[in-house]
Amino acid sequence: MSLLFGALLRQPFINMPKFKGQKFALIDCNNFYASCERVFEPKLEREPIVVLSNNDGCIIARSNEAKSLGIKMGVPYYQMKDLMISKSVVVKSSNYPLYGDMSSRVMKVISQYSPIQEVYSIDESFLDLSGFTINLNTYMQTLKNQVKSWTGIPVCVGMGSTKVRAKLANRIAKIYPRFNGVFDIDNLPIERFEKLLDSFEVVDIWGVGNKSAQKLQQIGINSAYDFYKADIGIIETLLGVNGKRIYRELYGYSCLAIEEIGPIRKQIVSSRSFGLDLSDFDEINQALTSLTRKAVNRLNQKSLAATSMSVFIYTNPFKRDISRISLSKTVGMITPISDERVLIPLCSKLLKQIYEPGYKFYKGGVMLGSLTTDKSQQDLFMASNKTQSLHKHPYGKLLRYASELGNERWLPRSDFQSSRFTTDWSEILSV
DNA sequence: TCTGGGGTCCTAGGACCC
DNA sequence: TCTGGGGTCCTAGGACCC
């Protein structure tokens with residue numbers, strides 16, 4: 001008995017069978033922001049709709065009608081403006097509180113269909129349907145109809161033995177009306193599965209972005225099918241462990257698990273395009289101050305405190321003809337801080353250290369990191385131990401420095417100086 | 001002339017996602 | 001003229017230690 005057990009242990013991954021009965025469903029809202037706008041303005045039902053990002057800069061959502069007019073995702077508004085006026089496209093500025101509220105209603109309905117749910121994003125949710133013996137297609141049709149009738153939001157469901165396969169299945173459910181919004185990719189015979197992969201580009205695979213696709217194309221991997229048939233070693237060389245995971249997921253070996261636990265936020269970022277180029281220190285400082293205030297508000301809403309802070313500014317990356325620069329600085333803190341009377345001056349100190357005159361800065365922001373819920377030293381130790389491998393927060397080192405310096409309050413996160421910036425200790429310690 | 005190597009920690013930046 | 005914002009994870013390479 002123990003011999004057998006030992007033998008099994010020794011080769012756990014050799015010829016490992018596909019996980020029997022494992023099944024994920026991905027429920028994805030159709031054109032979510034545009035659909036939300038429709039719920040509150042039903043007369044827009046058949047109209048082409050576009051939703052714009054902050055400052056009305058980019059197009060971030062389109063209804064099907066807008067898509068078929070050739071309006072692309074992420075394109076600057078001004079480039080499409082004329083077309084949209086001529087086609088009487090309805091243009092909306094984004095309304096995030098509305099979308100957030102609609103999202104939680106949708107997620108609540110979905111949660112009724114499995115004990116294991118992962119809310120993946122504002123408009124997407126995974127369900128674990130492993131071991132369900134009912135007809136999953138019918139079951140998910142019911143879910144789809146219920147979400148629609150209870151919230152007004154249309155969704156599509158993709159199913160597969162891994163997340164990557166479920167994601168692909170969802171795209172198929174969206175593209176081909178004959179599946180009525182629900183598609184299970186595991187039911188396909190292998191030849192049809194491969195044919196299907198051939199109809200997708202490699203960049204359509206979840207986890208393969210533009211940069212990776214370019215690398216792959218250089219060695220002749222263009223379609224999802226090419227990727228599927230490629231050597232796993234080549235994929236790992238080009239794309240690293242992520243590429244390998246995606247590759248295995250495509251074959252039905254689950255590498256990405258459902259993550260149910262509500263995400264414990266690890267950082268809070270507040271950043272913004274300034275709207276116009278800023279060169280003057282005081283102007284940038286003013287912009288960052290208000291961003292810090294925003295970040296701190298979010299921190300306090302969640303009753304968290306930060307043990308590191310980063311400040312960054314950079315020039316316009318879209319302008320090729322000007323010299324580009326990206327400046328940032330991070331410090332770690334001995335005590336978790338959630339007080340804006342401390343964080344705002346700290347932001348200014350950091351900005352002062354990285355600021356260089358003569359550049360036109362386009363965007364900037366602050367990041368509060370290594371968040372913790374508990375403000376006591378002892379618990380910080382524990383939290384730090386737990387997150388160290390994830391965030392590599394140099395906590396032990398900081399504490400050593402702190403004791404050498406008589407428990408001062410601020411310490412630079414790096415070894416006094418990182419890259420080209422030297423840390424001015426007197427500045428930092430005087431906050 | 002020839003100047004170790006394994007391990008850890010850290011930062012900056014890349015890539016991806018929505 | 002006008003190009004979002006908020007996240008996560010991974011990796012290359014430097015610094016350091018023994």
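Each chain gets a letter, A, B and so on, in the order the sequences are listed, and its residues count up from 1.
Across the protein-nucleic acid pair, A:L371 atom CG and C:dT8 atom C1' stand 13 Å apart, rounded to whole Å. Atoms NZ (A:K81) and C1' (C:dT1) sit 11 Å apart, rounded to a whole Å. One can place NZ of A:K360 at 14 Å from P of C:dT3, the figure rounded to the nearest angstrom.
Among the nucleotides B:dC16, C:dC9, C:dG6, the one closest to any side-chain atom of A:R298 is C:dG6. Across B:dC17, C:dG4, C:dC2, the shortest atom-to-atom separation from the side chain of A:W206 is found for B:dC17. Side chain of A:V269, nearest nucleotide from B:dA15, C:dG5, C:dG6: C:dG6. Among the nucleotides B:dC18, C:dG5, C:dC9, the one closest to the side chain of A:K266 is C:dC9. Closest to the A:R265 side chain, of the nucleotides C:dG5, C:dG7, C:dT3, is C:dG7. Here the side chain of A:K294 is nearest to one of C:dG6, B:dC18, C:dT8, namely C:dG6. Proximity note for A:Y78 (side chain, C-beta onward) versus B:dC16, C:dG4, C:dT3: the nearest is C:dT3.
The shortest distance between the side-chain N/O atoms of A:S212 and the OP1/OP2 oxygens of B:dA15 is not below 4.0 Å. Regarding contacts with the backbone of B:dC18, a side-chain N or O of A:K167 is found under 4.0 angstrom from either OP1 or OP2. Phosphate contact (OP1/OP2 of C:dC9, side-chain N/O of A:R245, threshold under 4.0 Å): absent. Note on A:Y362: a side-chain N or O is less than 4.0 Å away from OP1 or OP2 of C:dG4. Not one side-chain nitrogen or oxygen of A:T330 sits closer than 4.0 Å to the OP1 or OP2 atom of B:dT11. Dashed line: the shortest gap from a side-chain N or O of A:N54 to OP1 or OP2 of C:dG5 is under 4.0 Å. Note on A:S94: every side-chain N or O is 4.0 Å or more away from OP1 and OP2 of C:dG4. The phosphate of C:dG6 has OP1 or OP2 within less than 4.0 Å of a side-chain N or O from A:S271.
Residue contacts shown for A:S270 are limited to sugar-phosphate atoms, with no base heavy atom under 4.0 Å away. At the heavy-atom level, A:Y314 lies nowhere under 4.0 Å from the strands shown. Contacts of A:Q267 with the nucleic acid, taken as non-hydrogen atoms under 4.0 Å apart, include base atoms. Contact annotation for A:D56: no contact, since no heavy-atom pair falls under 4.0 Å across all strands. Among the protein residues, A:N210 comes within range of the sugar-phosphate backbone only, with heavy atoms under 4.0 Å from sugar or phosphate atoms but none that close to a base. Using a 4.0 Å heavy-atom criterion, one finds that A:Y120 contacts the sugar-phosphate atoms exclusively. Backbone-only contact: A:V241 has heavy atoms under 4.0 Å from sugar-phosphate atoms and none from a base. At the heavy-atom level, A:L52 lies nowhere under 4.0 Å from the strands shown.
Rounded to the nearest Å, the gap between the C1' atom of C:dC2 and that of B:dC16 is 27 Å. Annotation: C:dC18 and B:dT3 have their P atoms spaced 24 Å apart (nearest Å).
With a 4.5 Å cut-off on side-chain heavy atoms, A:T292 and A:V311 do not count as touching. In this structure, the side chains of A:R298 and A:L368 stay at 4.5 Å or more apart for every pair of heavy atoms.
By the 4.0 Å N-to-carboxylate-O rule, A:E65 lies too far from A:K87 to be salt-bridged with it.
Among A:N55, A:N54, A:D56, the single residue meeting the side chain to side chain donor-acceptor pair (under 3.5 Å) criterion with A:S93 is A:D56. In summary, of the residues considered (A:K67, A:R62, A:R38, A:E37), a side chain to side chain donor-acceptor pair (under 3.5 Å) with A:N31 occurs for A:K67 alone.
A donor-acceptor pair is defined here as one N or O able to donate and one able to accept, closer than 3.5 Å; such a pair exists between the side chain of A:S94 and the backbone of A:L52.
Enclosure of atom CZ in A:F40 by more than 12 non-hydrogen atoms of other residues, nucleotides or ligands within 6.0 angstrom is indicated.
Mapping A:I268 and A:M73 onto DNA chain C by nearest heavy atom places A:M73 at the nucleotide closer to the 5' end. Residue whose closest nucleotide on DNA chain C sits further toward the 5' end, between A:N242 and A:K319: A:K319.
With a cut-off of 3.5 Å on both pairing distances, the Watson-Crick or G-U wobble partner of B:dT11 is C:dA12.
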